[in-house]
Amino acid sequence: MKKRNFPPLAQIICYKLEAKNIKPNHYNHLLMHVPKSHPRYESLMKREKIIKGMREGIVAEAGLIAHGRGEAFDYLIGEKTLPEADLAEKIAAYHLILAKRPLISVNGNIAVLVPDDIVRLSELLPAKIEINLFYRSEERVKKIADLLRKLGAKKVLGEKPDANIPGLEHSRALCTNEGMMMADVVLIPLEDGDRAKALKNMGKITIAIDLNPLSRTSKESHVTIVDDVVRALPRIIDHVREARKKELSRKSMVKEIEEFDNLGNLSKILERMQKDAGSRF
Ligand code: PTJ
């Protein structure tokens with residue numbers, strides 16, 4: 001069966017897979033040739049990562065839906081980092097630099113979209129990494145931990161939870177004493193609203209990365225970065241490096257943190273979404 005849309009090498013792979021009785025719908029997406037010139041190349045590649053991650057048992061099935069929701073909001077902001085997002089990324093970097101026990105919370109989507117950046121940021125700060133899953137399964141936690149360790153993470157928490165986030169039911173409350181319980185500043189990309197609120201109630205500074213400025217997570221967090229995680233993580237890393245290069249004092253970072261108004265920043269983004277989306281019509 002000739003796969004017309006596939007490049008020659010992919011066609012050979014198809015024949016070999018079919019000879020082993022592996023069905024086309026199990027590999028089509030891996031072989032589909034998306035030229036770099038395609039206007040939606042980056043977006044399509046992100047989808048491929050999420051789909052592959054789901055098939056490998058790293059991303060939850062609902063992770064595909066969450067990604068689609070994120071894409072819709074990204075479309076509205078023009079698939080670029082807005083000035084308001086850049087400001088939030090800088091404030092997030094200052095919080096993480098000033099933290100005593102910073103922690104990066106990782107879920108399935110994050111593990112496939114930005115695994116290298118998670119490891120880089122955790123080493124740079126340094127910050128602990130903990131896997132906190134909404135749709136928890138021990139198998140998925142292990143797969144994510146293995147993936148991060150393979151990329152150089154020295155320690156990944158979350159495989160042996162020994163604590164619960166107060167006020168949450170079921171497995172999404174599971175966390176570790178050494179990680180989430182002790183942390184003072186937590187980076188929570190693609191977080192669930194209830195857990196974001198519960199972490200805030202525990203007295204932690206919460207930094208969300210969420211493309212939906214209207215989500216409960218966005219509204220509940222101390223700092224909300226309305227940007228795609230794929231753009232946000234490298235920019236936080238750059239802001240950390242720049243602050244250190246400039247040898248910014250604690251006082252000047254605290255001043256900027258205090259001046260930052262998260263809800264005000266979110267409403268500016270909403271205004272921008274309405275105006276910009278309207279002008280593109
Ligand atoms: O791996 P698990 O089991 O922990 O599950 C992870 C998901 C993401 C499935 C789970 O936390 C979930 O259901 O999340 P929600 O409640 O759908 O929220 C996800 C939020 O992240 C939504 O507001 C999306 O708009 C946003 N989002 C999705 N993709 C991105 C994003 N924000 C930034 N960058 C993205 N790439």
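Just so you know, ligand 1 is whichever comes first in the structure, and atom 1 is the first atom listed for that ligand.
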Mind checking what makes salt bridge (Lys or Arg N to Asp or Glu O under 4.0 Å) contact with Arg172, not counting sequence neighbours?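 Salt bridge (Lys or Arg N to Asp or Glu O under 4.0 Å) list for Arg172, sorted by chain: Asp192, Asp194.
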Show me, pair by pair, the donor-acceptor contacts under 3.5 angstrom made by side chains of residues 197-208, not counting sequence neighbours?
unit_1	atom_1	unit_2	atom_2	d
Lys200	NZ	Glu220	O	2.9
Lys204	NZ	Met180	O	2.9
Lys204	NZ	Met181	O	3.0
Lys204	NZ	Ala183	O	2.8
Thr206	OG1	His222	N	3.3
Thr206	OG1	His222	ND1	3.3

What residues, two or more places apart in sequence or in another chain, satisfy side-chain contact (heavy atoms from CB on, under 4.5 Å) together with Ser171?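 side-chain contact (heavy atoms from CB on, under 4.5 Å) check on Ser171 returns Arg136, Leu174.
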As an exercise, state the distance from CG of Asn109 to CD1 of Ile50, rounded to the nearest 0.5 Å.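 Answer for the CG-CD1 pair, Asn109 versus Ile50, is 4.0 Å.
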Working to the nearest 0.5 Å, report the span between CG of Leu98 and CD1 of Ile257.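 One gets 5.0 Å once the value is rounded to the nearest 0.5 Å.
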The test is side chain to side chain contact (heavy atoms under 4.5 Å, CB included); show your working for Lys155 and Glu178 and say whether it passes. CA-CA 12 Å; Lys155 192 165 181 178; Glu178 186 188 348; 2.6 Å; yes
Inventory of protein N or O atoms under 3.5 Å from ligand 1 N or O:
unit_1	atom_1	unit_2	atom_2	d
ligand 1	1 (O)	Gly108	N	2.9
ligand 1	1 (O)	Arg140	NH1	3.2
ligand 1	1 (O)	Arg140	NH2	3.4
ligand 1	3 (O)	Phe134	N	3.3
ligand 1	3 (O)	Tyr135	N	2.8
ligand 1	3 (O)	Arg140	NH2	2.5
ligand 1	4 (O)	Phe134	N	2.7
ligand 1	11 (O)	Leu190	O	3.4
ligand 1	23 (O)	Asp210	OD1	2.8
ligand 1	23 (O)	Asp210	OD2	3.3
ligand 1	32 (N)	Leu211	N	3.1
ligand 1	34 (N)	Val229	N	3.0
ligand 1	36 (N)	Asp228	OD1	3.1

